[in-house]
Amino acid sequence: MHFHDSDEAWLMMGGRAIAHMVDRDGNRSDFELEEGDVWMIEAGVEHGCTPITDEFLLFPFMGTLPEGSHPPGHYYFEKEQYMPSLVLRKDPLNR
């Protein structure tokens with residue numbers, strides 16, 4: 001189980017897996033992913049998966065990295081001691 005400083009999307013290209021997620025309130029969910037599924041994971045949500053077929057192909061897409069974020073990679077709450085949240089900033093349009 002790990003988190004990212006940006007949103008992430010998983011595209012399941014083959015096989016099946018049990019996905020694991022712990023939401024911001026600490027509630028754990030486990031559910032099956034299979035070929036063709038897309039899973040959108042919010043920044044700061046702990047997640048991971050356990051393959052349940054020999055063939056397991058997953059393509060992750062990382063969202064925009066906010067200013068001040070870690071480089072792309074896996075990070076762990078116990079080590080980092082923070083939970084990232086993305087906030088929309090509305091800048092005035094000057095055109």
Side-chain angles (χ1 to χ4, degrees):
M1 300 286 284
H2 61 276
F3 75 92
H4 305 283
D5 286 343
S6 65
D7 296 333
E8 180 180 36
W10 289 9
L11 176 58
M12 290 293 295
M13 303 295 291
R16 295 186 357 240
I18 300 298
H20 315 289
M21 178 181 94
V22 178
D23 68 20
R24 293 182 168 278
D25 295 324
N27 301 309
R28 183 180 172 122
S29 300
D30 298 304
F31 50 93
E32 189 171 320
L33 294 172
E34 61 185 14
E35 184 175 344
D37 286 346
V38 176
W39 183 23
M40 302 294 293
I41 307 159
E42 180 185 357
V45 169
E46 265 188 310
H47 62 281
C49 71
T50 304
I52 56 176
T53 56
D54 289 338
E55 179 187 75
F56 172 69
L57 300 172
L58 165 71
F59 191 86
F61 294 90
M62 297 304 295
T64 301
L65 288 173
E67 184 176 329
S69 66
H70 282 102
H74 293 168
Y75 296 96
Y76 307 92
F77 287 139
E78 293 75 20
K79 179 179 178 193
E80 303 302 329
Q81 294 298 303
Y82 76 91
M83 179 185 288
S85 295
L86 301 184
V87 177
L88 174 65
R89 184 184 76 204
K90 295 181 179 182
D91 294 326
L93 184 61
N94 296 316
R95 57 178 172 163

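Judged by distance alone, the side chain of Asp7 and the main-chain N or O of Glu42 form no donor-acceptor pair under 3.5 Å. Remark: the backbone N or O of Asn27 is not paired with any side-chain donor or acceptor of Asp25 at under 3.5 angstrom.
In this structure the side chain of Thr64 never reaches within 4.5 angstrom of the side chain of Ser6, judged on heavy atoms.
If you look at Phe3 and Phe77, their ring centroids are closer than 6.0 Å. Outside the 6.0 Å centre-distance limit, the rings of Phe61 and Trp10 are not counted as a close aromatic pair.
When all heavy atoms are compared, the tightest approach of Glu8 to Pro60 is OE2-CB, 3.5 Å. The shortest heavy-atom contact between His70 and Asp5 is N-OD2, 2.7 Å. The minimum heavy-atom distance between Glu80 and Tyr75, with the atom names listed, is OE2-CD2, 3.6 Å. For the residue pair Lys90 and Leu88, the shortest heavy atom distance occurs at CE-CD2, 3.7 Å. A pairwise comparison of heavy atoms in Pro84 and Arg24 identifies O-NH2, 2.6 Å as the closest pair. Of all non-hydrogen atoms in Asp30 and Ile18, the two that sit nearest each other are CB-CG2, 4.1 Å.
Side-chain heavy atoms closer than 4.5 Å link hydrophobic residues (I, L, V, M, F, W, Y) into clusters, and following such links, even through other members, never connects Tyr82 to Tyr76.
With rounding to the nearest 0.5 Å, the separation of OG1 in Thr53 from CD in Glu55 is 6.5 Å.
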With side chain to side chain contact (heavy atoms under 4.5 Å, CB included) as the test, would you mind laying out the steps for Val45 and Met21 before giving the verdict? CA-CA 7 Å; Val45 169; Met21 178 181 94; 3.4 Å; yes

Go through the steps to decide whether Glu32 and Arg16 satisfy the test salt bridge (Lys or Arg N to Asp or Glu O under 4.0 Å), and finish with yes or no. CA-CA 7 Å; Glu32 189 171 320; Arg16 295 186 357 240; 2.6 Å; yes

What do the steps show when you test Val87 against Arg89 for side chain to side chain contact (heavy atoms under 4.5 Å, CB included), and what is the final call? CA-CA 6 Å; Val87 177; Arg89 184 184 76 204; over 6 Å; no

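Side-chain contact annotation: His2 with His47, donor-acceptor N/O pair under 3.5 Å present.
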